[in-house]
There are 2 protein chains.
Amino acid sequence: MYQTLYKYLKEKTDIGERDFEIVKTYFIPKKLRKKQYLLQEGDICDHFAFVSKGILRLYSIDPKGSENIIQFAPEEWWISDRESIVSRNPSKYNIDALEDSELLLITPKNHRELASRVKVFDELQENLNQRHIAAHQKRIHAAISYSAEEKYLEFVDTYPQIVSRVPQHMIASYLGMSPETLSRIRSRI
Amino acid sequence: MYQTLYKYLKEKTDIGERDFEIVKTYFIPKKLRKKQYLLQEGDICDHFAFVSKGILRLYSIDPKGSENIIQFAPEEWWISDRESIVSRNPSKYNIDALEDSELLLITPKNHRELASRVKVFDELQENLNQRHIAAHQKRIHAAISYSAEEKYLEFVDTYPQIVSRVPQHMIASYLGMSPETLSRIRSRI
DNA sequence: TAATAGCATTGATTAATGTCAATGATATTT
DNA sequence: AAATATCATTGACATTAATCAATGCTATTA
């Protein structure tokens with residue numbers, strides 16, 4: 001459970017074992033079964049979740065009952081509803097597990113406290129936020145200027161490890177197209 | 001030039017005049033004429049820009065010569081190419097002014113230094129990043145699940161002050177649709 | 001003042017994607 | 001082992017949006 005977090009922090013920073021012992025105390029471990037919710041729409045999102053094992057998704061359900069998937073999160077990724085965390089409004093999204101999963105949760109308040117106590121954690125989070133914003137900018141650029149086929153090719157190229165673990169109809173949802181369209185694109189390639 | 005920054009910081013934090021004098025020393029003022037570039041594709045983006053006066057846009061040009069606008073930035077907004085800042089790769093975007101504009105520029109290095117010197121600036125930037133990520137999440141959600149008409153209505157509702165200052169064909173570009181489609185939507189409303 | 005550029009709208013046609021239904025294969029549950 | 005659910009693909013048809021061309025109005029430039 002914590003081993004993945006330690007490996008992750010070691011890869012990205014020069015954190016020492018002493019500091020890591022402090023870091024651990026700020027997280028709460030949680031296990032989810034496949035299909036189990038971490039967040040349901042209407043709830044206020046009050047944790048950032050680090051994925052130690054498994055894969056989760058953030059999605060909404062539209063009036064017609066279709067799912068719109070905003071994000072997948074496999075191991076070593078973070079997931080939460082940033083809109084709800086910032087606004088403190090009830091979320092319009094759901095987060096659930098696509099496989100049995102293990103997570104480490106931290107509240108925004110503990111997150112700030114930890115960042116002020118452990119400098120490498122602060123620097124890491126700052127860097128992650130910068131990279132997250134850059135990744136979002138790239139995703140928005142693709143969303144408004146790519147064809148459906150270009151979107152799929154880019155996704156496969158960028159996230160091969162996600163492609164092999166989630167159903168095609170969820171990839172279609174994430175890319176903003178119907179499963180039939182994705183199937184036709186795949187048969188053309 | 002600096003008055004807008006002071007007003008902005010006063011609105012969002014309890015910054016004192018002493019700290020503001022420190023903040024000022026980290027920024028470089030710059031004036032742009034209408035249509036003048038702040039960033040051209042191929043250059044490395046090495047500044048965050050705060051808009052004191054005027055309005056800018058971040059956009060790419062596709063192989064067919066069409067512009068894809070990712071962001072507008074009127075007064076009191078920040079603009080830069082976050083992908084280039086993070087990766088230090090040459091930008092695939094351009095930033096230019098849609099009106100004569102006045103900016104305050106800060107390098108990422110100075111930004112970090114200032115944040116470690118002036119605590120309210122650090123907290124403000126952290127909060128802005130959180131809000132930026134939340135706004136991006138919302139934008140991505142709209143991009144993959146809204147109809148063209150819903151996108152336009154949401155844009156008009158959220159950014160009325162931008163709508164009145166930029167040409168319709170630029171709004172169409174920002175929303176990822178053709179100018180003709182936007183015109184037809186507007187005539188239906 | 002006249003010429004030119006920029007902007008917006010409209011019509012006709014084409015292209016891309018969505019929707020609905022059906023089918024078959026694989027995985028899961030009983 | 002059988003029944004059920006999930007997943008993916010394909011065909012036919014409908015809808016949405018893009019493309020191309022034309023027109024007219026307003027702003028800018030010469």
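Each chain gets a letter, A, B and so on, in the order the sequences are listed, and its residues count up from 1. Remember, predicted model here, so these are calculated numbers, not experimental data.
- Put simply, CG on B/L175 is 14 Å from C1' on D/dA17, counting in whole angstrom units.
- We find that CD1 of B/I185 is positioned 14 Å from C1' of C/dT9, with the value rounded to whole Å.
- Residue B/Y152 contributes atom OH, which lies 14 Å from atom C1' of C/dT9 at whole-angstrom precision.
- Residue contacts shown for B/K34 are absent, as no nucleic acid heavy atom lies under 4.0 Å away.
- The side chain of A/A148 lies closest to C/dT17, out of D/dA8, C/dA8, C/dT17.
- Each of B/P167 and A/L182 was matched to the nucleotide of DNA chain C holding its nearest heavy atom; the match closer to the 5' end belongs to B/P167.
- For A/S183 and D/dA8, the shortest distance from a side-chain N or O to OP1 or OP2 is not below 4.0 Å.
- Put simply, CZ on B/R165 is 16 Å from P on C/dC7, counting in whole angstrom units.
- Aromatic ring centroids of B/W78 and B/F50 lie under 6.0 Å apart.
- The distance from atom NE2 of A/H169 to atom P of C/dC20 is 18 Å, rounded to the nearest whole Å.
- Contact check, B/R184 against D/dA17: no side-chain N or O comes under 4.0 Å of OP1 or OP2.
- Residue A/Y159 forms a ring pair (Phe, Tyr, Trp, His ring centres under 6.0 Å) with just one option from A/Y152, A/W77, A/F72, and that option is A/W77.
- For D/dA17, neither phosphate oxygen OP1 nor OP2 lies less than 4.0 angstrom from any side-chain nitrogen or oxygen of B/S178.
- With C/dC7, D/dA8, D/dT19 as the choices, the nucleotide that has an atom nearest any side-chain atom of B/K64 turns out to be D/dT19.
- Atom pair B/N68:CG and D/dA18:C1' shows a separation of 14 Å (rounding to whole Å applied).
- Remark: P of D/dT16 and CE of B/M177 are 14 Å apart, rounded to the nearest angstrom.
- Under the 4.0 Å criterion applied to side-chain N and carboxylate O atoms, B/E75 and B/R165 are assigned as salt-bridge partners.
- With rounding to whole Å, A/E99 atom CD is found 16 Å from C/dT28 atom C1'.
- The 12-atom threshold is exceeded at NZ of A/K10, counting heavy atoms of other residues, nucleotides or ligands nearer than 6.0 Å.
- Aromatic ring centroids of A/F121 and A/H111 lie under 6.0 Å apart.
- Comparing B/E180 and A/R188 along DNA chain C, the residue whose closest nucleotide (by nearest heavy atom) sits nearer the 5' end is B/E180.
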